[in-house]
Each structure stands twice: as structure tokens, then as C-alpha cells.
A.B. asks: 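Before we start, here is the structure in question, set down as C-alpha cells.
Per chain, numbering begins at 1; letters A, B, ... match sequence-line order. Below, each value reflects all heavy atoms present in this structure, side chains not excepted, and no hydrogens, waters or symmetry copies.
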Amino acid sequence: MFYLTTAIDYTNGAPHIGHAYEKVLADVIARYRRLRGDDVYYLTGVDQHGQKVQQTAEKDGVNPATYVKRVTKGFTHAWEKLGLDYDGWAETTNPLHKECVQGILQRLFDEGQIYKQRYTGFYSIRQEQFLTDKERNDDGTFAEEWGEVEERDEENYYFKLSDHIGWLKQYVESHEDFVIPAFRKADVVNAIERAEGTDLCISRPKERLRWGIELPFDTDFVTFVWFDALINYISFAGYNKAEGSDLPDFDQLWPAQIHIIGKDILVPSHSIYWTCMLHAIGFSNDQIPSLLVHGWWNIKKKADDGAAVAGSEKMSKSLGNVVDPVALVDTFGQDAVRYYLVRDIHTGRDSDYDMDRLVGLFNSELANNLGNLCNRALNMTKRYSGGITVASDYDDETSQQLRASLDTVLEKYRRHMDKYEISFALEAVIEFISGTNVYAEQHKPWEIAKDETKTDELNTVLNHMVEAVALASVLLKPVIPSACKRIQTQLNAEHLGTILLDDLKWGILPIGQEVAKPKPVFPRIQLEE
RNA sequence: GGCAGGAUAGCUCAGGGGUAGAGCGGAGGAUUCAUAAGCCUUAGGUCCGGAGUUCAAAUCUCCGUCCUGCUACCA
């Protein structure tokens with residue numbers, strides 16, 4: 001079983017392209033694993049509790065439950081538009097989740113891993129945390145970023161993080177695959193150093209925060225984000241589920257192969273808190289998931305005249321440059337957006353969002369290269385052999401080379417996809433398609449069609465072209481599933497929809513295949529000036 | 001301040017001790033099966049700066065500069 005998760009998004013605003021990227025990346029990986037024949041469980045969802053939701057709802061004059069429902073709809077709608085095919089949907093207000101969270105809290109409390117302590121200090125409402133002197137400006141005031149700050153004398157519950165840090169340190173040292181890509185490991189090691197000796201505050205008094213899950217052993221408190229949101233990875237996988245529950249079978253799913261997260265939540269929340277929580281709950285070293293850490297989409301800068309210029313800026317509401325994924329899909333289509341989001345970023349690194357590149361990549365790689373190949377191949381098959389591929393004994397060096405290139409492509413594709421390096425895998429497929437276009441020029445089937453003595457060669461060339469399109473449609477399926485389906489419909493080869501990667505070899509289309517009338521699968525995007 | 005990542009063609013980036021690479025964009029050409037797509041040719045670079053190691057450095061080492069992120073602010 002290949003179980004993968006994404007971060008669950010905070011329901012305090014509409015999804016933007018960064019949210020969309022993570023979910024598409026996970027979707028591509030999930031679909032790739034299915035193509036490999038794995039059983040896959042893809043879990044994503046939303047984090048609905050917390051002070052900011054409570055406050056925003058109040059401002060809107062609705063109760064938090066209503067507010068959260070509305071914002072959640074925005075997410076599910078966006079994911080539908082992007083064609084995400086997830087198996088589980090995590091909502092932290094779900095009663096099943098609450099039950100699981102409370103069960104875990106009660107047990108850890110009974111085991112003495114959670115204790116109560118008084119703390120006096122200054123509290124930032126906006127950031128939902130206590131501040132220390134190190135957050136003060138030189139003149140003793142707190143910086144603006146903390147918002148309203150008030151003095152508090154509070155009792156709270158703490159999780160004995162310090163009991164597990166020693167174990168975590170060893171675990172991280174001895175497990176090279178814990179953090180992907182590897183260069184992120186240093187951040188984790190540093191963060192562990194800093195975390196040593198401190199425990200984790202896991203509660204908020206109810207008079208401050210009502211919108212959360214009650215502590216089972218003290219109803220004056222709700223649990224803070226950690227023992228709520230992070231638990232979703234196991235609660236919705238069926239951990240400690242009740243008899244007759246619809247949740248999946250936990251033993252089948254756990255451990256997750258990867259938690260897909262952004263670089264902003266690697267430390268301390270996932271690498272330290274969550275991993276120590278798992279250890280405290282009782283999971284062993286081989287039941288700890290790896291963390292796949294992706295980068296961010298920044299926004300490409302443009303000159304005033306729209307010309308390309310170096311540099312980028314962060315996406316932010318104040319700069320007014322937030323990119324709405326739903327609007328993008330409405331304008332350019334699901335395939336263009338999905339393709340761009342995993343093609344133009346190297347997993348783990350940052351990239352700059354640029355609409356011109358989105359359009360450019362779609363037009364050059366999908367429309368011109370693959371779409372046009374599909375179109376010309378089917379068109380000539382229709383025109384020169386009645387739309388049916390015909391057996392032929394003709395063979396030559398270029399045909400052999402094209403067939404041989406498939407092995408190179410498959411090797412490269414698998415190697416990169418297995419490491420979640422989608423952009424490099426796509427590069428390999430594009431090379432293959434481009435090679436097929438070159439192959440067509442080498443043989444010029446539109447010329448040899450006029451020469452009756454070359455019918456055998458013509459048939460071989462057409463077979464090779466159609467076959468290459470079929471192969472590409474399978475390899476690209478994880479990224480652009482709906483377009484690939486349309487290609488396969490034109491090829492009249494629905495059986496390709498269920499073929500596995502291991503069964504992919506030259507000749508997946510039978511001789512005598514009757515293809516349909518071609519229709520552009522990727523209409524070129526024309527930008528209005 | 002510490003740690004990490006980055007700096008290579010107009011743009012996006014690969015690569016990595018031995019003649020600088022790809023895609024896109026630009027310029028030119030031969031074509032017409034095709035989505036004005038495809039194919040061929042071509043121009044463009046002090047590989048951030050400096051020093052060192054080496055027969056040889058874009059690559060390794062050191063010292064800087066600039067950008068990004070995380071994190072910490074002690075005398």
C-alpha cells in the first residue's frame with residue numbers, strides 16, 4: 001500500500017496556487033503509483049479549527065461551523081476543477097477525528113506524557129503564542145507583526161516533547177530518507193538542537209478559544225493545533241477507529257510512505273512535533289513516514305511593458321499578486337495548469353510563477369509537440385490507410401532507434417518519478433515525442449504515400465508514429481489524466497486506461513487498430529495582447 | 001550572527017577537474033501530413049568577484065559580494 005498525505009490547508013481564506021501545487025504534486029505521485037500497480041491511498045483535507053477561524057467568522061457575523069463550511073467548499077471546488085483524485089478527505093471538525101484525538105490525549109495524559117503548568121507572560125493574539133523578551137524591540141515594545149499583545153497568567157497543558165528529542169536525534173541521524181530532498185536535513189538537525197529541553201504547549205483555555213477539540217481530561221481547555229491538525233494523518237487513516245466505522249483499515253495504510261509538506265512547515269511542526277508525537281503514541285522506527293518537502297511558487301517580476309526581467313517576489317495579498325488556481329483552470333484548462341505546476345518547478349526548490357511560461361510550455365510541449373504529433377499521425381493513418389494500422393515487414397535503422405529510445409525514456413521516467421522529480425521525468429517524455437517528430441521528417445510519409453512501391457515503409461512509419469502517441473499517453477497520464485484519456489479515445493484504445501507501467505513496451509497497440517478521426521487534444525492558447 | 005539553498009545564454013534552468021549544455025525566445029532556410037504546428041541551420045556566455053590547489057578550475061578549497069529561506073540574538 002502506498003499511503004500519501006498532503007498538509008491540510010487552513011480554512012481562513014481561498015486556496016491559492018501554492019495550495020494547488022502541493023495537491024497536484026500529490027495527485028501526480030498518487031496516479032504514478034497506481035500506474036505502477038500499487039494500491040494507493042491519497043489523503044488530503046482542511047484544518048478547520050483555531051483562533052483565526054473563530055475571529056474571522058465573528059467578523060462575518062456567522063458561527064465558525066458555517067464559516068468553515070463555506071471556505072471548505074472553496075477548497076473542494078478547486079480540487080475538483082484540478083481533477084484531483086484523492087481517496088480520503090480530512091476535516092478536523094469531523095466527529096470521528098475528534099474521537100481519535102481525544103482518545104490519544106487521554107492515553108498520553110494517563111501515561112504522564114501530558115502535564116499542567118502555569119505560565120505568565122505576554123501573548124500575541126494574532127500569532128496565537130506567548131512571546132518572550134527576545135521578541136521585543138530595543139525599546140521594549142513588541143513588533144507590529146505580533147498584532148495585539150496582552151499580558152496573561154495562564155495554566156496550560158504541555159506535552160513532554162523533551163522525553164523524545166534524544167530518540168528523534170538518533171532517528172534522524174540514522175535514516176537518510178527521513179527528509180527528501182536530503183539538503184533539508186540540516187534544517188532539521190539544527191531545529192532539534194534548539195528544541196532540546198523544552199516541552200510543547202498543547203492547549204488553550206476555553207475562554208480564549210472555543211473553536212477546537214475539548215481536552216477529555218479537562219473541559220476548560222481545547223487542544224491547540226498540534227494535537228488536532230497533525231493527528232489527521234492517522235485519524236483519517238483509521239487509527240483506533242470504532243467498530244463499523246467507514247474509515248480505512250489502519251494496519252493496511254500505516255506507515256504513510258510520504259507526508260508531502262511545504263518547506264515552511266518542516267521545522268518545527270512536522271520533523272519535530274509530529275515525529276515525536278508518533279513516537280510518544282507508540283510507533284516504532286519503521287513506522288515513521290518520510291517527509292517530502294516542496295518549495296514555493298513566487299511571482300515572476302515583469303517590466304512595465306511586460307518584457308521578461310530577472311527576479312521574483314513573494315505572493316501576498318498586500319502586493320495584490322495572489323494567483324487563483326480556479327481562475328487559471330477556467331482560463332487555460334486543467335491540463336495546462338496541472339502540467340505547468342509540476343513541469344516548471346524542480347521538486348524541493350522554489351520557482352517563479354509566470355503566466356507566459358504556463359502558456360509557452362503548454363503550447364510548445366503539449367500543443368505543438370505532442371498534440372500535433374497525434375493529429376498528424378492519425379490524419380495520415382486516416383488518409384493513407386483508411387484509418388487502420390496495417391502489418392508491415394519493413395524495418396530500418398531509424399525505426400529501430402525509435403523503438404530502442406523507449407527503453408531510455410522508461411528508465412529515465414521511472415528513475416525520476418520514483419524520486420518524485422516530476423519535471424525531469426516529463427523532460428524524458430518530451431524528448432521521446434520530439435524524437436518521433438524527427439522520425440516522421442526522416443521518412444516523410446506524406447511523400448512515400450505517393451509511391452506505390454513504398455507502401456510497406458509507409459505502414460511501418462505510421463504504425464510507429466501512432467504507437468509512440470499511445471505510449472506517451474500512458475506516461476503522461478499521472479500529470480494530465482483527462483487529456484490522455486482524450487488521446488486514447490481518439491486512438492480507440494480504451495484498454496490503455498488500465499495498462500500498468502511494467503507492461504509498457506513497444507506494441508501496446510495491436511496491428512489492425514482502427515483509429516478515430518483526429519481532433520486537436522491541446523488547442524493552442526492564444527494570448528490576447 | 002549561525003545554518004541551509006542559490007548566482008551558468010535574453011528568460012527558465014541542467015551539468016560539473018580536460019573544446020561551455022538543453023528548452024523557450026531571436027535570426028535564416030527547405031518543406032506541407034499536421035493545431036501557421038513539425039524539421040534543418042544559426043547567433044548569444046569573464047559559468048557573481050578575488051585568491052589558492054593542479055599540467056588543467058565553471059567544477060575542489062578559502063575569502064568576499066548579492067538574492068532566498070529558517071533560526072538566534074549572546075558579550
A.B. asks: Would you mind telling me which of B:C33, B:C40, B:C13 lies closest to the side-chain atoms of A:His346?
C.D. replies: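 The nucleotide sitting nearest to the side chain is B:C13.
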
A.B. asks: Looking at the angle O4'-C1'-N9-C4 for a purine or O4'-C1'-N1-C2 for a pyrimidine, is B:G44 syn or anti, with syn meaning within 90° of 0?
C.D. replies: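 This nucleotide is in syn.
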
A.B. asks: State plainly whether the residues A:Glu494 and A:Lys485 are in salt-bridge range, i.e. N to O under 4.0 Å.
C.D. replies: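 Salt bridge: no.
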
A.B. asks: Find which nucleotide of RNA chain B each of A:Pro445 and A:Ser434 is nearest to by heavy atoms, and output the residue with the more 5' nucleotide.
C.D. replies: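 Of the two residues, A:Pro445 wins.
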
A.B. asks: Give the C-alpha distance, both sets of side-chain angles, the deciding distance and a yes or no for side-chain hydrogen bond (donor to acceptor under 3.5 Å, both in side chains) between A:Trp297 and A:His16.
C.D. replies: CA-CA 10 Å; A:Trp297 283 95; A:His16 57 64; over 6 Å; no

A.B. asks: Look at the aromatic rings of A:His270 and A:Tyr233 and report parallel, tilted or perpendicular, splitting at 30° and 60°.
C.D. replies: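 Ring orientation of A:His270 relative to A:Tyr233: tilted.
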
A.B. asks: Measure from CG on A:Leu358 to C1' on B:G23 and round the result to the nearest Å.
C.D. replies: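 About 16 Å, once rounded to whole Å.
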
A.B. asks: Taking the side chain of A:Pro520 as heavy atoms from C-beta outward, which of B:U35, B:G6, B:C13 is closest to it?
C.D. replies: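 Among B:U35, B:G6, B:C13, the one nearest the side chain of A:Pro520 is B:U35.
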
A.B. asks: Can you tell me, in whole Å, how much space there is between the C1' of B:A30 and that of B:C39?
C.D. replies: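 To the nearest whole Å, 9 Å.
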
A.B. asks: Mind calculating the distance between CG (A:Leu370) and P (B:U35) to the nearest angstrom?
C.D. replies: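 Taking CG of A:Leu370 and P of B:U35, I get 15 Å after rounding.
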
A.B. asks: Give a yes-or-no answer on whether the side chains of A:Glu365 and A:Tyr339 include a donor-acceptor pair shorter than 3.5 Å.
C.D. replies: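 Yes, because at least one side-chain N or O of A:Glu365 sits under 3.5 Å from a partner of the opposite role on A:Tyr339.
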
A.B. asks: Using whole Å, report how far CE of A:Met465 lies from C1' of B:A37.
C.D. replies: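 It works out to 12 Å between those atoms.
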
A.B. asks: Picking from B:C11, B:U32, B:C13, which would you name as closest to the side chain of A:Trp446?
C.D. replies: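 The nucleotide sitting nearest to the side chain is B:U32.
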
A.B. asks: If you measure from the C1' atom in B:U8 to the same atom in B:A14, how many Å do you get, rounded?
C.D. replies: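 After rounding to an integer number of Å, I get 10 Å for this pair.
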
A.B. asks: Distance between the P atoms of B:G45 and B:A20, in whole angstroms?
C.D. replies: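 Each nucleotide's P atom is 14 Å from the other's.
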
A.B. asks: Reckon A:Arg524 has a side-chain N or O less than 4.0 Å from the OP1 or OP2 of B:A37?
C.D. replies: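 The answer is yes; a side-chain N or O of A:Arg524 sits under 4.0 Å from OP1 or OP2.
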
A.B. asks: Stepwise, does the salt bridge (charged side-chain N to carboxylate O under 4.0 Å, His left out) test hold for A:Lys169 with A:Glu193?
C.D. replies: CA-CA 9 Å; A:Lys169 208 170 180 174; A:Glu193 297 290 327; 3.6 Å; yes

A.B. asks: Of the listed nucleotides (B:U12, B:A34, B:C39), which one gets closest to any side-chain atom of A:Arg383?
C.D. replies: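 Among B:U12, B:A34, B:C39, the one nearest the side chain of A:Arg383 is B:A34.
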
A.B. asks: NA contact type, A:Tyr384, heavy-atom cut-off 4.0 Å: base, sugar-phosphate, or nothing?
C.D. replies: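 Sugar-phosphate, backbone atoms only, no base.
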
A.B. asks: Take the protein atom NE2 of A:His294 and the nucleotide atom P of B:G69, then report the distance between them rounded to whole Å.
C.D. replies: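 A:His294 atom NE2 is separated from B:G69 atom P by 16 Å.
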
A.B. asks: Work out how far the P atom of B:G44 is from that of B:G21, and round it to whole angstrom.
C.D. replies: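 One P to the other, the span is 14 Å.
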
A.B. asks: How far, in whole Å, is B:G26 from B:C62 if one measures between their P atoms?
C.D. replies: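 The same atom, P, in both gives a distance of 43 Å.
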
A.B. asks: Whole angstrom is fine here: how far is it from CG in A:Asp344 over to C1' in B:A14?
C.D. replies: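 That distance rounds to 13 Å.
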
A.B. asks: For B:U35, take OP1 and OP2 only and decide whether either is under 4.0 Å from a side-chain N or O of A:Asn368.
C.D. replies: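 No, because none of the side-chain N or O atoms of A:Asn368 sits under 4.0 Å from OP1 or OP2 of B:U35.
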
A.B. asks: On a plain distance test, is the side chain of A:Asn372 in donor-acceptor contact with the base of B:A34 below 3.5 Å?
C.D. replies: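 Yes.
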
A.B. asks: Step through the shown structure and confirm whether more than 12 heavy atoms of other residues, nucleotides or ligands are within 6.0 Å of CD on A:Gln400.
C.D. replies: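 Yes - once you tally the heavy atoms of other residues, nucleotides and ligands closer than 6.0 Å, there are more than 12.
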
A.B. asks: Within this structure, what is the CD-to-P distance between A:Gln442 and B:A30, rounded to whole angstrom?
C.D. replies: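 Whole-Å distance recorded here is 21 Å.
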
A.B. asks: By nearest atom, which of the nucleotides B:G69, B:C33, B:U71 is closest to the A:Met380 side chain?
C.D. replies: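 Selected nucleotide (nearest to the side chain): B:C33.
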
A.B. asks: Can you check the distance between B:A56 and B:U19, where both ends of the measurement are the C1' atom (answer in whole Å)?
C.D. replies: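 Looking at atom C1' only, B:A56 and B:U19 are 13 Å apart.
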
A.B. asks: Please confirm whether the shortest side-chain N or O distance from A:Arg349 to OP1 or OP2 of B:G6 is below 4.0 Å.
C.D. replies: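 So the side chain of A:Arg349 is within the cut-off, an N or O lying under 4.0 Å from OP1 or OP2 of B:G6.
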
A.B. asks: Can you find a side-chain donor-acceptor pair between A:Asn437 and A:Ser434 that sits under 3.5 Å?
C.D. replies: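 No, no side-chain donor-acceptor pair sits under 3.5 Å.
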
A.B. asks: When rounded to the nearest Å, what value does the distance between P atoms of B:G6 and B:C60 take?
C.D. replies: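 B:G6 and B:C60 have their P atoms separated by 11 Å.
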
A.B. asks: Whole Å only: how far is the NZ atom of A:Lys412 from the P atom of B:A14?
C.D. replies: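 It is 14 Å, rounded to the nearest whole Å.
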
A.B. asks: Please classify the nucleic acid contact of A:Val521 as base, sugar-phosphate, or nothing, using heavy-atom distances under 4.0 Å.
C.D. replies: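 Base contact.
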
A.B. asks: What is the separation between atom CE on A:Met355 and atom C1' on B:C11, rounded to the nearest whole Å?
C.D. replies: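 After rounding, the reported distance stands at 16 Å.
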
A.B. asks: Counting only side-chain heavy atoms from C-beta out, which of B:C13, B:G23, B:U68 sits nearest to A:Lys263?
C.D. replies: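 Closest nucleotide to the A:Lys263 side chain: B:U68.
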
A.B. asks: Indicate yes or no: does A:Arg486 engage A:Asp335 in a salt bridge with an N to O separation below 4.0 Å.
C.D. replies: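 Salt bridge between A:Arg486 and A:Asp335, a charged N being under 4.0 Å from a carboxylate O: yes.
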
A.B. asks: Answer yes or no: does a side-chain N or O of A:Asn190 lie under 4.0 Å from OP1 or OP2 of B:U71?
C.D. replies: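 So the side-chain polar atoms of A:Asn190 never come under 4.0 Å of the phosphate oxygens OP1 or OP2 of B:U71.
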
A.B. asks: What interatomic distance, in whole Å, is found between C1' of B:G10 and the corresponding atom of B:A27?
C.D. replies: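 14 Å, rounded to whole Å.
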
A.B. asks: When you get a sec, tell me which of B:A72, B:U35, B:A37 is the closest nucleotide to the side chain of A:Phe522?
C.D. replies: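 The closest nucleotide is B:U35.
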
A.B. asks: Do A:Asp199 and A:Lys160 sit within salt-bridge range, that is, some charged N less than 4.0 Å from a carboxylate O?
C.D. replies: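 So A:Asp199 does not pair with A:Lys160 through a salt bridge.
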
A.B. asks: Side chain of A:Ala367 only, please: which of B:G23, B:U35, B:U12 is the nearest?
C.D. replies: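 Side chain of A:Ala367 sits closest to B:U35.
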
A.B. asks: Closest approach to the side chain of A:Ser364, judged atom by atom: which nucleotide of B:C24, B:A37, B:G5 is it?
C.D. replies: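 Minimum distance to the A:Ser364 side chain belongs to B:C24.
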
A.B. asks: With nearest nucleotide decided by heavy atoms, which residue, A:Leu366 or A:Pro268, maps closer to the 5′ end of RNA chain B?
C.D. replies: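 On the 5' side of the pair lies A:Leu366.
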
A.B. asks: NA contact type, A:Gly360, heavy-atom cut-off 4.0 Å: base, sugar-phosphate, or nothing?
C.D. replies: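 No contact.
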
A.B. asks: Specify whether A:His19 and A:Phe75 have parallel, tilted or perpendicular ring planes, treating 30° as the upper limit for parallel and 60° as the lower limit for perpendicular.
C.D. replies: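 It falls in the perpendicular class, over 60°.
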
A.B. asks: For RNA chain B, which consecutive runs of 3 or more Watson-Crick or G-U pairs (each distance under 3.5 Å) count as stems?
C.D. replies: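 Correct response: B:1-7 with B:65-71, B:10-13 with B:21-24, B:26-29 with B:39-42, B:48-52 with B:60-64.
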
A.B. asks: Which listed nucleotide (B:U32, B:A4, B:A34) is nearest to the side chain of A:Asp187?
C.D. replies: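 For A:Asp187, the side-chain atoms sit closest to B:A4.
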
